[in-house]
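What follows is a single structure, written as structure tokens, with notes after it.
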Amino acid sequence: MRIEDDLADAMRAHVSDVQAPPDLGRSVRRGNRSRVLRFRVAGAALVTAAVAVAVPVALNSGEPAGGEAATGQDRAVVRNDVTVPDVTGKPVTEAVPLLRAAGLLADMAAEEVRNNRVIAQKPAAGAQVAPGSHVELTLEPPPVTMPQDLGDLGDGREFGGIRLDYLPEGLEWGKWSGKDGFGKHSFTTTYDKPGNEPGHYSVQVIVFEGEAAKSAMARFPKAGAETVDIGGTKARLATLGEGGEVVSEGTLTIAWKLRDGLVVEVCFSPDYAKDVDGPTEAKKIAEGIRATG
């Protein structure tokens, strides 16, 4: 039903008990026309205002839904934005309370929730967001813990029944050691340039004893490998892929039987092998390895 019809019904109800002589009909209607028009305009304005209040208002815009600009009393403010605080560089125990105090929530992966330092946040500091918004925090990864299966090796040159008398210049022990990772009675450690991240390596040495030694040389491919002499012992030198196959680019590896029941492998990371004369340095390391037991 139209607003005009509503108003007409209201007028009829309002004057239903008024009696007028028949001869006054036309003159009265003409005399009251301007007053009725004014009422209808005013009434229409009142009803329109009431409808406008009931229409949803776009969040944070102050404009009624539908794209029509509102003015005067029809304009409504439905939220007050908050400023995202700067929590980058702070530990989680400080960052989360700061966000909470600003009326915001922190998002982070559950496995990362320690007192790690925040290294990035989204939205960025200074952004205007709605109260209760989520701020995604990126945390500094926890330090890598390397195994110490063989304990303190001092300078790292003696382990698993061997000693290294030669290392390329600039390398030092990686300060970790592993046991049985390459079969029972296998031992390993690495050497790297100072300052590299834990887990990075330049040279890795693996020692195989007993049963592990029997299978070590058997799994090293003959086809495509170079045979080199290490102190009167035949060694195999090749660049190996992840599956142990000979490839053009991969891990430069030399392997030989140091004595009965004892096999040694020396591996170069692909990057380090390119930085130095890989084959020459591999042979020098191998020639400087001796059994200690």
Side-chain angles (χ1 to χ4, degrees), residues 140-220 228-240 242 244 250-293:
E140 185 178 46
V144 176
T145 302
M146 300 296 291
Q148 302 292 340
D149 293 346
L150 305 180
D152 185 0
L153 299 181
D155 61 3
R157 292 195 178 210
E158 187 169 332
F159 73 99
I162 68 165
R163 176 161 182 87
L164 285 77
D165 290 332
Y166 172 81
L167 278 176
E169 185 178 356
L171 298 189
E172 63 179 24
W173 179 43
K175 298 179 175 57
W176 77 279
S177 58
K179 181 179 180 181
D180 297 337
F182 297 88
K184 192 174 182 180
H185 301 304
S186 65
F187 314 93
T188 185
T189 192
T190 58
Y191 307 89
D192 200 10
K193 297 178 181 179
N196 282 338
E197 296 179 359
H200 186 277
Y201 81 101
S202 295
V203 173
Q204 181 171 11
V205 178
I206 308 167
V207 179
F208 304 88
E209 286 187 345
E211 292 299 320
K214 292 180 181 180
S215 61
M217 291 303 298
R219 66 181 176 80
F220 199 104
V228 296
D229 181 79
I230 301 297
T233 299
K234 298 297 182 181
R236 297 177 194 165
L237 176 68
T239 298
L240 305 180
E242 293 184 1
T251 303
L252 178 67
T253 306
I254 186 170
W256 73 103
K257 183 169 72 173
L258 188 60
R259 61 168 172 75
D260 288 341
L262 187 65
V263 170
V264 181
E265 279 189 7
V266 176
C267 309
F268 280 56
S269 72
D271 290 342
Y272 186 67
K274 294 177 181 178
D275 290 342
V276 299
D277 184 345
T280 299
E281 291 295 337
K283 292 175 187 177
K284 286 183 178 180
I285 294 174
E287 290 169 348
I289 292 179
R290 55 186 173 86
T292 58

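Since we're looking at a predicted model, the values are computed, not measured.
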Quick one: pull up [atom1] in [X] and [atom2] in [Y] and give me the separation to the nearest 0.5 Å.
X: E158; Y: L153; atom1: CD; atom2: CG; result: 9.0 Å
X: L258; Y: E209; atom1: CG; atom2: CD; result: 10.5 Å
X: R219; Y: F182; atom1: CZ; atom2: CZ; result: 7.5 Å
X: D180; Y: H185; atom1: CG; atom2: NE2; result: 7.0 Å
X: R157; Y: I289; atom1: CZ; atom2: CD1; result: 10.5 Å

Identify the two heavy atoms, one from [X] and one from [Y], that lie closest to each other, and give their separation to 0.1 Å.
X: A213; Y: V263; answer: O-CG2, 3.6 Å
X: A291; Y: L262; answer: CB-CD2, 4.1 Å
X: W173; Y: G151; answer: CH2-O, 4.3 Å
X: A235; Y: I254; answer: CB-CG1, 4.1 Å
X: L252; Y: P279; answer: CD2-N, 3.5 Å
X: K284; Y: Y166; answer: CB-CE2, 3.4 Å

Worksheet item: Does the salt bridge (charged side-chain N to carboxylate O under 4.0 Å, His left out) test come out yes or no for D155 and R163, once each step is laid out?
Response: CA-CA 11 Å; D155 61 3; R163 176 161 182 87; 3.6 Å; yes
Hey, does the side chain of [X] reach the backbone of [Y] with a donor-acceptor pair shorter than 3.5 angstrom?
X: Y272; Y: K193; value: no
X: D229; Y: K234; value: no
X: R290; Y: D165; value: no
X: T292; Y: G161; value: yes
X: T190; Y: Y201; value: no
X: R236; Y: F220; value: yes
X: Q148; Y: K175; value: yes

Discussion item. D192 vs S202, test: side chain to side chain donor-acceptor pair (under 3.5 Å). Steps then yes/no.
Written reply: CA-CA 5 Å; D192 200 10; S202 295; 2.7 Å; yes
Discussion item. Go through it in stages, so that I can follow the logic: the residues are D260 and K257, the test is salt bridge (charged side-chain N to carboxylate O under 4.0 Å, His left out), and I'd like the CA-CA distance, side-chain angles, deciding distance and then a yes or no.
Written reply: CA-CA 7 Å; D260 288 341; K257 183 169 72 173; 3.5 Å; yes
Worksheet entry | CA sep, side-chain torsions, deciding dist, call: V266, V203, side chain to side chain contact (heavy atoms under 4.5 Å, CB included) | CA-CA 7 Å; V266 176; V203 173; 3.8 Å; yes
Discussion item. Does H200, at its NE2 atom, have more than 12 non-hydrogen atoms belonging to other residues, nucleotides or ligands within less than 6.0 Å?
Written reply: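 Counting other residues, nucleotides and ligands, NE2 of H200 exceeds 12 neighbours.
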Worksheet entry | salt_bridge(K214, E211) N-O dist < 4.0 Å | yes
Worksheet item: Who passes salt bridge (charged side-chain N to carboxylate O under 4.0 Å, His left out) against D152, sequence neighbours left out?
Response: none
Practice prompt. List the steps and the verdict of side chain to side chain contact (heavy atoms under 4.5 Å, CB included) for F268 and I285.
Written response: CA-CA 11 Å; F268 280 56; I285 294 174; 3.8 Å; yes
Worksheet entry | side chain to side chain contact (heavy atoms under 4.5 Å, CB included) evaluation trace for V205 with F159 | CA-CA 10 Å; V205 178; F159 73 99; 3.9 Å; yes
Worksheet entry | Working for side chain to side chain contact (heavy atoms under 4.5 Å, CB included), residues E265 and T188 | CA-CA 9 Å; E265 279 189 7; T188 185; over 6 Å; no
